[in-house]
Q: 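Take a look at this one; I'll ask things after.
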Amino acid sequence: MKKFVRALAAFSLIAVPATLVAPAFAQEAPAEPEIPAPQALQPEGEVPWLYEGSNVPVDEEWYWGVMDNGLRYAVRRNGVPPRQIAIRVRVDAGSLHETDSEQGFAHLLEHLLFRESKYLGQAEAIAAWQRLGATFGADANAETSPTHTAYKLDIPDINRAKLDESFKLLSGMIREPVLNDANVGAELPIVLAEKRERGGAAERVGDITRRTFFAGQRLATRNPIGTVETLEAARGDAVQAFYDRWYRPEKTVIVVAGDADPLVLAGLVEKWFGDWEGTGNPGIAPDFGDPLPPEGAPVTAGTDLPIGEVSAAIEADLARTFTYAIMRPWRKVDDTIVYNEGRLLDALAQSIINRRLETRARAGGSYLFAQVQQDYVSRSSDATFVSFRPLTEDWRAALADVRGVIADAIENPPTQEEIDREAAEFDVAFVNSVEQAPVQAGRDLADNLVNAVDIRETVASPQVVLDVFRGMRARMNPEEIQERTRGLFSGNVVRSVYVTPAIGEADESALQLALASEALVDSGARLAAESISFDELPPIGEPGAVTEIGPLGILEVEQVNFDNGVRALLWSNDAEPGRVTVKVRFGAGYRAFDQDSAVYAPIGQMALVGSGLGELGQNEIDRLATGRKLGFDFGIDDAVFTFTAQTRSDDVADQLYLFAAKLGMPRWDADPVIRAKAAAELAYNTYSTSPGAVLNRDLEYISTDSDPRFATPTPEMLEQVTPEGFREVWEPLLQQGQIEVLVFGEFDRDAIIEKLRVTFGALPERAPIAPEVAARVPGFPDASNAPRVLTHRGDDNQAAAVVAWPSGGGMASIREARQLEILIQVFNNRMLDALREQAGASYSPQVFSDWPTDISGGGRIVALAQLEPDFVPVFFAEADRIASDLAASPPSADEINRVTEPLSQRIRRASTGNQFWLYNLEGASRDPSRVELLRSLLSDYSQTTPQIMQFLADRYFANGAPLKLAVIPEGQELAEGPAPVQGPVDTAAPAVRAVQTFGR
């Protein structure tokens, strides 16, 4: 990892005129804070608090503490990324702990802790964390679940002073938030906006599903977001009462992992939380209840499993989805090795069934996909969920097919070959975890421990997991897997929910009758007996010759050229032990399509990989990959197609063969195309369910001046799709355009050069991309002051608005694009403050820049928000005002610092991984300027001046009218609103209006 740090330090600073450089002011270094030695650490030999009742080997990297006030903590050193700390504060209170009148209070309280607290004034938290280098949302955030509330803080570039300040601010939030009527009133519109954005068909289905599956339990009526009625009734004293019951040291766990001495971290926890005392009487956790069948419930034929509640949800714009669940009570367990062996056997059993279900779907079954998953849900139920999507209105046939595959697994033991195959997949995943343990990020380790606390279980090191798995090989036999399978499909009650767009297609009696019928055993989806080896596969072609090997000019990256025109960039390093990233860039990307062929672009993203290669279909490729870590992600970029995979050192050679074979000997199976077409048809209506879905469907198409390459295929367009047409479009595309292969990670350099010679070097020479194709650049709509209006069929209080400006593209101006990103983040902060913090009009307004690097234009700056229909004109006015103000007056130095510090820290953190360097060097084998431009990347994103920001704002915001787009409910007219203003918008009235009209 040191070589990454050296390389980053060597980046040159951006060259700017001296007159534009902001002056530096001498600052007195802060005094070293006093951090006491920890007094509450559990002594060596004592069972850590997380492992009580368990014989799972303790992860010795953690230090465990229990303070006199009852607060528990765990801290550890972790240097990934370097100089970063991850802090998690978990409070044992979620929506299941609320009374009926408090529904939504746990989540509202999560918001209020960021609103105002002992050391942070009103709405100061976001700016404070940004000044510490944390990006709001990514590095400073929180979550509320049915069972807990967790606060998450990742602070980069730490030192003792910064650590102390972070703990101080966080302690003020947790221990002494300001919970008065004013703050509740200010935060309530934001929470209601969040609820509104989550609303619509998806929320309705979620509510029906929760009420059905958890009938009779507390979870059935407790959604963390709460209800409009209870939220609007919230007052400061009521929220304070909830806080006093649940925000107490004995109900709190603090987890810290980062690049610091664990004793220092423990000392900080004790310094800032050691004297915390609860107020009043503590809350007593209610009984969450058990899943129980209704009295006199019918049973499924051939079993004693009662059929409980069932529901049919009619949603005209959602695809058919059928889910049934076998419900069992949740009980706290002793998290022992034997218990974990049983969980692993359960996972193997599910993997065998899921592979069989997928095999049947690929062969043209009655459903698009199906999956079995066992889950412990909110400490309320131990459930086995079975979900599938019927291809037609004949849901009964799909249900029978899915149940038939499951019945076979219950009735007949699997073959040892099936077990061994899934076990090999598990083993390679566990081995990979052991290899990656030295570079596992501290934030992931902290999150894992918080999740373990939530489900009342332990954590284990990757090596322990691997040892347990390999130590139970004797239990991986047909008889024991069958026994675990039967357990997965046994329980107290079975319940189901069917989502359909058609009225009258199903009702409760029809669902009960279908579930009560006997499932007929179907063994047709079992695995074939034969195995496949890479050694048996044919060569790609005649091996090529290496024509040149030399340094790329940065780090130790080498460029290898072959006589057929293929070029490769290789960087063998040990920064990520055992991991290798492979990326192949080829062809013309979106440039390759025109109006007639555009529909085959999204179909290709879904079906190209599944169409097989050579003599191998997708099922054979799956068998070929058994026991290996191989990937096959296919993407379409602006100017290239890409294959990408993260693999292991042992498997990278086989990964290269798979990618090369897809180009050199593609197969054209019809079933994946038919399946992709069906998936696209089923998905199309779902784009009308909400304003956000409409934007996903149409924004790119509209903002590229109705370029057919970026249109979401309609059912009418999809009618023309055939397997023959798919091959006619894609076969020549796989044969044209230069190829670049990037291999970054830990691998044998000489062996991989040889493997490249006999794979990619053996491909025939490529056809050129036609000049008229290479010249294609997306357009931008003609300027118009009038917004374009689209409609959705979701809730009538949901809308979205977009303002977009054209920018640029290409590497020639990439340094300007990087500086533009700073301006965009300033814009984003202002939009967040105006629409979220002040007006409460939108939960998460966003501003982002899209600057293509492989084509010379087509870039866009986009501001968007989801809000109430009445707020759409306010959004347009605010976007215009902010854009005009940035062009007229430079942002302050503090505004810039709040952006550049998080940006620079994100780059420093990302630069410790291979994917960062691969992403920034792709294309460099034919464009050497990318190497030189990479040297200034850090400074381009972290150093600027107010004058440069104003110059860029004038260039991109002051010339011509932007594209304006509104998405409003069907049957409504676009609201009239204020014209763009130069001063701050009057936010008081919109904030009140949001509360009064929500849910109308």
Q: Hey, what do you get for CD (Q371) to CZ (R389), rounding to the nearest 0.5 Å?
A: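 Those atoms lie 12.5 Å apart.
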
Q: Output, in order, the C-alpha distance, side-chain angles, deciding distance and verdict of salt bridge (Lys or Arg N to Asp or Glu O under 4.0 Å) for D522 and R356.
A: CA-CA 10 Å; D522 177 5; R356 293 179 183 178; over 6 Å; no

Q: If we only count heavy atoms from C-beta on, is the S311 to E309 side-chain gap below 4.5 Å?
A: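 The answer is no; the side chains never approach within 4.5 Å.
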
Q: Which atom names give the shortest non-hydrogen contact between Y376 and D382, and what distance separates them?
A: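 It is CE2-CG, 3.4 Å.
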
Q: Should R331 and D290 be marked as a salt bridge (Lys or Arg N to Asp or Glu O under 4.0 Å) after you check the CA-CA gap, both sets of side-chain angles, and the distance that decides it?
A: CA-CA 10 Å; R331 294 291 183 266; D290 288 337; 2.7 Å; yes

Q: With a 3.5 Å cut-off and no angle check, do the side chains of S509 and D507 form a donor-acceptor pair?
A: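 Indeed, the side chains of S509 and D507 share at least one donor-acceptor pair under 3.5 Å.
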
Q: Would you compute the distance between atom OG1 of T209 and atom CZ of F385 and round it to the nearest 0.5 angstrom?
A: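 The distance works out to 9.5 Å.
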
Q: Go through the steps for V465 and S433 under the test side-chain contact (heavy atoms from CB on, under 4.5 Å), then give the verdict.
A: CA-CA 9 Å; V465 174; S433 294; over 6 Å; no

Q: Should D454 and R379 count as an ion pair when the cut-off is N to O under 4.0 Å?
A: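 Judged by the 4.0 Å cut-off on N to carboxylate O distance, D454 and R379 do form a salt bridge.
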
Q: If you define the side chain from C-beta out and look only at heavy atoms, does anything of E98 sit under 4.5 Å from T230?
A: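 Result no, sub-4.5 Å side-chain heavy-atom pair not found.
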
Q: Of all heavy-atom pairs between L219 and R210, which one has the smallest distance, and what is that distance?
A: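 Residues L219 and R210, closest heavy atoms: O-CD, 3.0 Å.
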
Q: Kindly compute the distance separating OG1 (T227) from CD1 (I225), expressed to the nearest 0.5 Å.
A: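 Output value for this atom pair is 10.5 Å.
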
Q: Would you check, one step at a time, whether the test salt bridge (Lys or Arg N to Asp or Glu O under 4.0 Å) holds for R675 with E358?
A: CA-CA 12 Å; R675 192 178 181 194; E358 176 64 13; 2.8 Å; yes

Q: Taking the side chain as everything from C-beta on, heavy atoms only, tell me whether N492 gets closer than 4.5 Å to P329.
A: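 N492 vs P329: side chains touch.
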
Q: Can you tell whether the side chains of R204 and D207 come within less than 4.0 Å, N to carboxylate O?
A: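 Salt bridge absent between R204 and D207.
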
Q: Are more than 12 heavy atoms from other residues, nucleotides or ligands located less than 6.0 Å from atom CD of Q416?
A: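 More than 12 within 6.0 Å, yes.
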
Q: Decide yes or no on side-chain contact (heavy atoms from CB on, under 4.5 Å) for V493 and L292, but give the supporting numbers first.
A: CA-CA 6 Å; V493 61; L292 299 173; over 6 Å; no

Q: Atom CD in E425, atom OG1 in T626: separation rounded to 0.5 Å?
A: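 The OG1 atom of T626 is 5.0 Å from CD of E425, to the nearest 0.5 Å.
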
Q: Output the distance between atom NZ (K195) and atom CG (N223), rounded to the nearest 0.5 Å.
A: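 K195 atom NZ to N223 atom CG measures 6.0 Å (nearest 0.5 Å).
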
Q: Are T323 and F213 packed together at the side-chain level, in the sense that at least one heavy-atom pair is separated by less than 4.5 angstrom?
A: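 They are in side-chain contact.
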
Q: List for me each residue that meets salt bridge (Lys or Arg N to Asp or Glu O under 4.0 Å) alongside R343, sequence neighbours excluded, and say none if there are none.
A: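 Salt bridge (Lys or Arg N to Asp or Glu O under 4.0 Å) list for R343, sorted by chain: empty.
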
Q: Can you check whether R362 reaches P672 side chain to side chain, under 4.5 Å on heavy atoms?
A: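 Not touching, per the 4.5 Å side-chain cut-off.
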
Q: Would a 4.5 Å heavy-atom cut-off, applied to side chains only, mark V333 and E457 as touching?
A: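 SC-SC contact between V333 and E457 confirmed.
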
Q: Nearest 0.5 Å please: distance from the CG atom of N354 over to the CD1 atom of I352.
A: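 Here the rounded value is 10.5 Å.
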
Q: Report the relative orientation of the aromatic rings in F426 and F469; use parallel for angles under 30°, tilted for 30 to 60°, perpendicular for over 60°.
A: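 Geometry flag for F469 against F426: parallel rings.
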
Q: Given E422 and E418, is the side-chain contact (heavy atoms from CB on, under 4.5 Å) satisfied, shown in steps?
A: CA-CA 6 Å; E422 302 307 326; E418 286 183 295; 5.8 Å; no

Q: Just by modelled atom types, is the D447 backbone N or O under 3.5 Å from a matching donor or acceptor in the N451 side chain?
A: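 It does hold such a pair.
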
Q: So which atom in L488 and which in A349 form the shortest heavy-atom distance, rounded to 0.1 Å?
A: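 Minimum heavy-atom separation between L488 and A349: CD1-CB, 4.1 Å.
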
Q: If the threshold is 4.0 Å, N to carboxylate O, is there a salt bridge linking E194 and R198?
A: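 Counted as a salt bridge, because a side-chain N and a carboxylate O are separated by less than 4.0 Å.
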
Q: The criterion is salt bridge (Lys or Arg N to Asp or Glu O under 4.0 Å); which residues satisfy it with R628, sequence neighbours excluded?
A: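 Scan of R628 (salt bridge (Lys or Arg N to Asp or Glu O under 4.0 Å), adjacent residues dropped) gives D654.
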
Q: Going by distance alone, is a donor N or O of one side chain under 3.5 Å from an acceptor N or O of the other, for T384 and R328?
A: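 The criterion, which ignores hydrogens and geometry beyond distance, is satisfied for R328 and T384.
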
Q: Only one of N412, T415, D408 clears side chain to side chain donor-acceptor pair (under 3.5 Å) with R526; which?
A: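 So, applying the side chain to side chain donor-acceptor pair (under 3.5 Å) to R526 and each of N412, T415, D408, only D408 qualifies.
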
Q: For T500, is there any backbone N or O sitting under 3.5 Å from a side-chain donor or acceptor partner on R320?
A: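 Side chain of R320 to backbone of T500: no pair is present.
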
Q: Hey, does the side chain of D795 reach the backbone of N797 with a donor-acceptor pair shorter than 3.5 angstrom?
A: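 Side chain of D795 to backbone of N797, a donor-acceptor pair under 3.5 Å: no, none is there.
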
Q: Could you tell me whether the side chain of D335 and the main chain of R456 form a donor-acceptor pair under 3.5 Å?
A: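 Flag not set: sc D335 to bb R456 has no pair under 3.5 Å.
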
Q: Please report the closest heavy-atom contact between L682 and T686, naming both atoms and the distance.
A: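 Nearest heavy atoms, L682 then T686: O-CG2, 4.0 Å.
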
Q: Can you check whether E479's main-chain N or O pairs, donor with acceptor, with N477's side chain at less than 3.5 Å?
A: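 Yes: the side chain of N477 pairs with the backbone of E479.
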
Q: Please identify which of these residues, F242, F105, W246, meets the ring-ring contact (aromatic ring centres under 6.0 Å, His included) condition with H97.
A: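 One option only clears the test, and that one is W246.
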
Q: Can you give me the closest heavy-atom contact between A506 and L511, atom names plus distance?
A: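 Closest heavy-atom pair between A506 and L511: CB-CD2, 4.4 Å.
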
Q: Are a donor atom and an acceptor atom from the side chains of Q618 and D622 found within less than 3.5 Å of each other?
A: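 On atom types as modelled, these side chains qualify, holding a pair under 3.5 Å.
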
Q: Tell me yes or no: between the side chains of S380 and Q217, is some donor less than 3.5 Å from an acceptor?
A: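 Checked: S380/Q217 side chains show no N/O donor-acceptor pair below 3.5 Å.
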
Q: Measure the shortest side-chain to side-chain distance between F288 and S378 over non-hydrogen atoms and say whether it is less than 4.5 angstrom.
A: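 No; the side chains remain at least 4.5 Å from each other.
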
Q: Using atom types as modelled and distance alone, determine if a side-chain donor or acceptor of E197 lies under 3.5 Å from a backbone N or O of Y843.
A: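 Between the backbone of Y843 and the side chain of E197 there is a qualifying donor-acceptor contact (under 3.5 Å).
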
Q: Show the nearest heavy-atom pair for residues F388 and A398, with the distance to one decimal.
A: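 Heavy atoms only, the tightest pair is CE1-CB, 3.6 Å.
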
Q: Before giving the answer on ring-ring contact (aromatic ring centres under 6.0 Å, His included), spell out for Y367 and F322 the whole-Å C-alpha distance, their side-chain angles and the decisive distance to 0.1 Å.
A: CA-CA 10 Å; Y367 54 88; F322 196 113; over 10 Å; no

Q: Would a distance-only check, ignoring hydrogens and angles, find a side-chain to backbone donor-acceptor pair under 3.5 Å from T212 to I208?
A: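 The answer is yes, because a donor-acceptor pair under 3.5 Å joins these two groups.
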
Q: What residues form a ring-ring contact (aromatic ring centres under 6.0 Å, His included) with F369, not counting sequence neighbours?
A: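 Partners of F369 under the ring-ring contact (aromatic ring centres under 6.0 Å, His included) test: none.
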
Q: Do R222 and D100 meet the salt-bridge criterion of a basic N to acidic O distance under 4.0 Å?
A: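 Result for this pair is yes, salt bridge flagged.
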
Q: Indicate yes or no: at least one non-hydrogen side-chain atom of I419 is less than 4.5 angstrom from one of P478.
A: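 Yes, close enough: below the 4.5 Å cut-off.
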
Q: Go through it in stages, so that I can follow the logic: the residues are Q866 and Q798, the test is side-chain contact (heavy atoms from CB on, under 4.5 Å), and I'd like the CA-CA distance, side-chain angles, deciding distance and then a yes or no.
A: CA-CA 7 Å; Q866 295 190 56; Q798 292 182 322; 5.6 Å; no

Q: Looking at V721, is its backbone amide N or carbonyl O close enough to the side chain of K677 to form a donor-acceptor pair, meaning the two atoms are under 3.5 Å apart?
A: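 Checked: pair present.
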
